[in-house]
Protein chains: 2
Amino acid sequence: MNAYNPQDKVLLAVDCIIFGFDNEDLKVLFVKRDFEPEKGNWSLIGGFLKKEETLNDAANRILHNLTGVNDIYMEQFYTWSNIDRDPVERTISTSYYAIINIQEYNEKLTEHHNAKWFSLTEAPHLIFDHNEMLAKATRRLRRRTSISPIGFGLLPEKFTMRQLQKLYESILDKKLDKRNFVNKIKSMDILIKLNEKDMTSSTKGSYLYIFDQEKYDAKQTNDFYLKL
Amino acid sequence: MNAYNPQDKVLLAVDCIIFGFDNEDLKVLFVKRDFEPEKGNWSLIGGFLKKEETLNDAANRILHNLTGVNDIYMEQFYTWSNIDRDPVERTISTSYYAIINIQEYNEKLTEHHNAKWFSLTEAPHLIFDHNEMLAKATRRLRRRTSISPIGFGLLPEKFTMRQLQKLYESILDKKLDKRNFVNKIKSMDILIKLNEKDMTSSTKGSYLYIFDQEKYDAKQTNDFYLKL
DNA sequence: TTTACAAGTGTATTTTTTACATTTAGTAAA
DNA sequence: TTTACTAAATGTAAAAAATACACTTGTAAA
């Protein structure tokens, strides 16, 4: 026996908006729900919070189960509590968005046949309030991206300026000027230019870069506030 | 009987960080906890989520009980889930920050003898993870204030430019230039200058302004992105 | 009438952001 | 071997935004 009232306990779920990037478009991952209600409809990847874990643990567990990867960038952003959001039973859901590297991930994706990437612009109708979650996650991702270099997690380890620019363009959903973009990124001073070229996109080839984690960590502030 | 597992139900609380402004400093409201554990220690104002309400409802209920006021600016910002954050029982807490007008509020505050305003800089040790909540709320308030005119809710209906500037200075925790501040605020074009002066602070008196809700609503964007 | 005090106000400078076009390197085809 | 093609690489001038900065005004009290 304790001081609190057990009457008001509720189920707590975690839903993850998983963003990826295929060098062309920003993508989001959904799964086909395989139980009632709404069986067969598209849904975010989610699960229930267990007694012995935190919300972050739960989100990590869900992402790990799906991808096999453990160190995924992830951020909690809102908790949804409409009374009837889940018709089965009162369920509160905390949503996280995550950023993953499609290339690394795809091996395991092929095993999970119910999961599918969608272009952000072509997202299907989702169950419950998941479309709302997606919208809010997208806004949050946009904001974060403009002030913090989290986007790099969406690219392969080595990438070209062009890939990076396309990534920013698809996250921010607008065209950017090539020269201004390069200048701005260079002024951030957190990339290492390799002596190595990517030859797939042109005969001339374009230099590859990697993210300089040390330099980034060394900077006082974690936010760059670069406005693109 | 339903599809979900009742095992993992948890208690869900709501904690509110209530900001006020007394024309000098940014203030936060805490209450002295009147039950064990941690009886007698300072705490955020909070309560448990009830079955028939949303988290927003719960936050509004808590704020209403405390202040008697209903249309308080309020925003959910994070859900805390460390296993042992509450020693009595596993409790998840969603925190909201709220912005209230001290003047309006003070009538009812006198009734509630356990509540007390603290300057942000002099916040006491709080129970559980409430200091962390406060820190996060403060960061969020700062960000919001720089891009959105939510701060006006902290002032009396009629206010002087000087009061407004002091408010921004105490939220952002830095000195601002008087002329630049006035110019920037005027460029937002959401204030109405009254033909009326506040005579309390100088012999000359300073003009009073009110917030122009209509003009504000009419603007396309809700965010001004004024950087101060 | 002088003093004291905060209110009110504008401009020049610096910094940041934006707009914009040509040359270069390499490959493949003639 | 020359030519044509494609994407990569690069810098500067103009515009906009942010900052720094000081004197005049109005009123009440001495």
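Order of the sequence lines fixes the chain letters, A, B, ..., with proteins taken first and strands second; residue numbering starts at 1 for each chain.
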From CG of A:L164 over to P of D:dA8, roughly how many Å is that when rounded to an integer?
13 Å
I want to verify a distance call: between C:dG8, D:dA20, D:dA8, whose nearest atom is closest to the B:N180 side chain?
D:dA20
Of the candidate nucleotides C:dT11, C:dC20, D:dA18, which contains the atom at the shortest distance from the side chain of A:D177?
C:dC20
NZ of B:K174 versus P of D:dA18: gap in Å, rounded?
12 Å
Sugar-phosphate, base or nothing in reach of A:K186, heavy atoms under 4.0 Å
sugar-phosphate
Whichever of A:N183 and A:S206 has its nearest DNA chain D nucleotide further upstream toward 5'
A:S206
Between A:K197 and B:M199, which residue's closest nucleotide on DNA chain D lies nearer the 5′ terminus?
A:K197
Options C:dG8, C:dA6, D:dA9, nucleotide nearest the side-chain atoms of B:Y207:
C:dG8
Any salt bridge between A:K174 and A:E169, counting N to O under 4.0 Å?
no
One should read off an interatomic distance between B:L49 CG and B:I62 CD1, to the nearest 0.5 angstrom, of 9.0 Å
Rounded to whole angstroms, how far apart are CE on A:M188 and P on C:dT16?
15 Å
Looking at the side chain of B:K178, which of C:dG8, D:dA8, D:dG11 is the nearest nucleotide?
C:dG8
Here the distance between atom P of C:dC20 and atom NZ of A:K175, to the nearest Å, is 16 Å
Against the six-membered ring of B:F118, is B:K116 placed for a cation-pi contact (under 6.0 Å from the centre, within 45° of the normal)?
yes
Rounded at 0.5 Å granularity, tell me how far OH in B:Y168 sits from CG in B:L154.
10.0 Å
Measure OH/B:Y209 against C1'/C:dG8 and give the value in whole Å, please.
9 Å
How long is the line joining CZ of B:F181 and C1' of C:dA6, in whole Å?
17 Å
Integer-rounded Å distance: C:dG8 C1' and B:R179 CZ
10 Å
Choosing from D:dA8, C:dT9, D:dG11, which nucleotide comes nearest the side chain of B:K193?
C:dT9
Given D:dA8, D:dT25, D:dC21, the nucleotide with the shortest approach to the side chain of A:K204:
D:dA8
Among C:dG10, D:dG26, D:dA7, the one nearest any side-chain atom of B:T203 is D:dG26
May I ask you to check whether over 12 heavy atoms, not counting those of B:E157, lie within 6.0 Å of atom CD?
no
To the nearest Å, how far apart are B:R162 CZ and C:dG8 C1'?
10 Å
